[in-house]
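Shown next, in structure tokens, is the structure this report addresses.
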Amino acid sequence: MGAEQSVPAGVEVQPASTAGTGQPYGGAPDLNSEKATAVPSALVLVGPSGVGKGTLAKRLIQDGDQFGFCVSHTTRAPRPNEQHGVHYFFTTKEQFAKEIGEGKFLEYAEVHGNLYGTSVGAVRSVLDSGRVCVLDIDVQGARAVRKSGLKAIFVFIAPPSLEDLANRLAGRGTETVEQITRRLNNAKAEIESINEKGLYDYLLINDDLDEAVKRLKAIAERAAKGLDPEPGMVPERVVLEDVSIQVANGYS
Ligand SMILES: Nc1ncnc2c1ncn2[C@@H]1O[C@H](COP(=O)(O)OP(=O)(O)OP(=O)(O)O)[C@@H](O)[C@H]1O
Ligand SMILES: Nc1nc2c(ncn2[C@@H]2O[C@H](COP(=O)(O)O)[C@@H](O)[C@H]2O)c(=O)[nH]1
């Protein structure tokens, strides 16, 4: 997968042959469940920064032993409450670039000015524990995971409005005003990705948190039985237009 992705500007990737393994990571079929072909290995949560992906993932993982969190790598500085190996594997840009060259990542991307990536090892470690792997990644990552062949259900989490999104980001209190502005500006294009045919299986508006958790569990249960999305839950134009209208009118 790593070999097919474009490299973010300023990141110098060492060729795999000089970096250790000699082979960049080649795809995800070996990560897929052998139990039943229809059963997904991963639940991929995508959506703008501050929409509540992390909160939803935490609730899914806390409420049982069906799901495990896939710990990503990032070059972002840790927030005061974040622990290495729990929330992220915090690393340097140089080390990240070296590991891209080694084919360590299923996907990686530059997001809001930092590098983030899902390692094959992080996915495997959750799958080895017999759980469905929950990924909290951005849109670029979602596209790459789709292409990788990993059997996954892709859920786009949308905010009730861009005003709510701004309030949540500000309320979280982890970013500066400049960083919040950058993330909100990126949110518009991210939300518009729900129009990309075949990228997402479900669109979930995270309005009331308990209701959103309930719906996410219903989505996961349906997927675990190998069932296709229920009619009306797949992103469709009629649903998307509502959100597009918010993008156009709600935050400009
Ligand atoms: N349904 C909800 N209603 C109100 N507040 C919410 C809801 N869901 C999450 N939040 C709050 O919004 C803030 C952002 O949530 P969270 O950190 O989970 O977002 P995120 O999508 O993971 O963000 P990022 O992509 O930046 O990691 C948190 O303070 C969280 O408590
Ligand atoms: N492509 C990837 N995106 C990721 C990954 N891990 C997190 N993310 C996304 O980054 C932004 C910002 O996260 P934050 O923790 O700095 O607020 C958010 O949209 C995450 O979903 C990853 O491994 N790959």
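Counting starts at 1 for both ligands and their atoms, following the listed order. Fair warning: this is a prediction, and the values are worked out from it, not measured in the lab.
For atom 19 (O) of ligand 2, the nearest non-hydrogen atom of the protein is Lys53 NZ, 3.7 Å. In terms of protein heavy-atom proximity, atom 23 (O) of ligand 2 is closest to Ser72 OG, 2.6 Å.
The part of Arg183 lying near ligand 2 is the side chain, judged by heavy-atom distances below 4.0 Å. Neither the backbone nor the side chain of Glu82 comes within 4.0 Å of ligand 2, counting heavy atoms alone. Proximity of Leu56 to ligand 1, defined as any heavy-atom pair under 4.0 Å, is not found for any part of the residue. With a 4.0 Å heavy-atom cut-off, ligand 2 is reached by the side chain of Glu107 but not by its N, CA, C or O. Under 4.0 Å from ligand 2, not a single heavy atom of Gln140 appears. Using a 4.0 Å cut-off between heavy atoms, Tyr88 contacts ligand 2 through its side chain alone, with no backbone atom that close. If you look at Ala212 next to ligand 1, there are no close heavy atoms at all, none under 4.0 Å.
With atom 7 (C) of ligand 1 as the reference point, the heavy atom nearest to it among Glu175, Lys53, Arg168, Arg79 is part of Arg168. The heavy atom nearest to atom 21 (O) of ligand 2, out of those in Thr174, Asn186, Asp136, Val71, is found in Asp136.
For the pair Gln62/Val213, no side-chain contact is recorded, criterion being any heavy-atom separation below 4.5 Å from C-beta on. Using a 4.5 Å heavy-atom cutoff, the side chains of Tyr200 and Val139 are in contact. Asn206 is not listed as a side-chain neighbour of Lys53, based on a closest heavy-atom distance of 4.5 Å or more.
Phe89 pairs by the ring-ring contact (aromatic ring centres under 6.0 Å, His included) definition with His73, His84, not counting sequence neighbours. Considering only residues two or more places apart in sequence or on other chains, His87 meets the ring-ring contact (aromatic ring centres under 6.0 Å, His included) condition with none of them.
Within the structure, the closest approach of Arg79 to ligand 2 falls below 4.0 Å when heavy atoms are considered. Taking 4.0 Å as the cut-off, Asp207 counts as a neighbour of ligand 1 on heavy-atom distance. Put simply, no part of Gly47 is less than 4.0 Å from ligand 1, judged by heavy atoms.
Shown in contact with Gly141 at under 4.0 Å from a heavy atom are these atoms of ligand 2, numbered in order with element: 1 (N). Within ligand 1, the atoms closer than 4.0 Å to a non-hydrogen atom of Arg183 are 26 (O), numbered from 1 in the order shown. Ligand-side atoms of ligand 2 in range of Arg76: 14 (P), 15 (O), 16 (O), range being under 4.0 angstrom from any heavy atom. Ligand 2 places these atoms under 4.0 Å from at least one heavy atom of Val111: 10 (O), 11 (C). Numbered from 1 in the order shown, with element, the atoms of ligand 2 that lie under 4.0 Å from a heavy atom of Asp138 read 1 (N), 2 (C), 3 (N), 4 (C), 9 (C), 21 (O).
Residue Thr118 has at least one N or O atom closer than 3.5 Å to an N or O atom of ligand 2. Any N or O atom pair closer than 3.5 Å counts here, and Gly171 shares no such pair with ligand 1. On a distance-only criterion, Gly52 and ligand 1 share at least one N/O pair closer than 3.5 Å. In terms of N/O distances under 3.5 Å, ligand 1 is not approached by Asp208.
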Query raised in the report: Ser161 and Asp164: side chain to side chain donor-acceptor pair (under 3.5 Å), yes or no, with the steps?
Result: CA-CA 5 Å; Ser161 70; Asp164 283 298; 2.8 Å; yes
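Each of Arg182, Arg76, Arg79 was evaluated against Glu175; a single residue qualifies, Arg79, per the salt bridge (charged side-chain N to carboxylate O under 4.0 Å, His left out) test.
At a threshold of 4.0 Å, the pair Lys214-Asp63 does not count as salt-bridged, since none of the basic side-chain nitrogens sits closer than that to a carboxylate oxygen.
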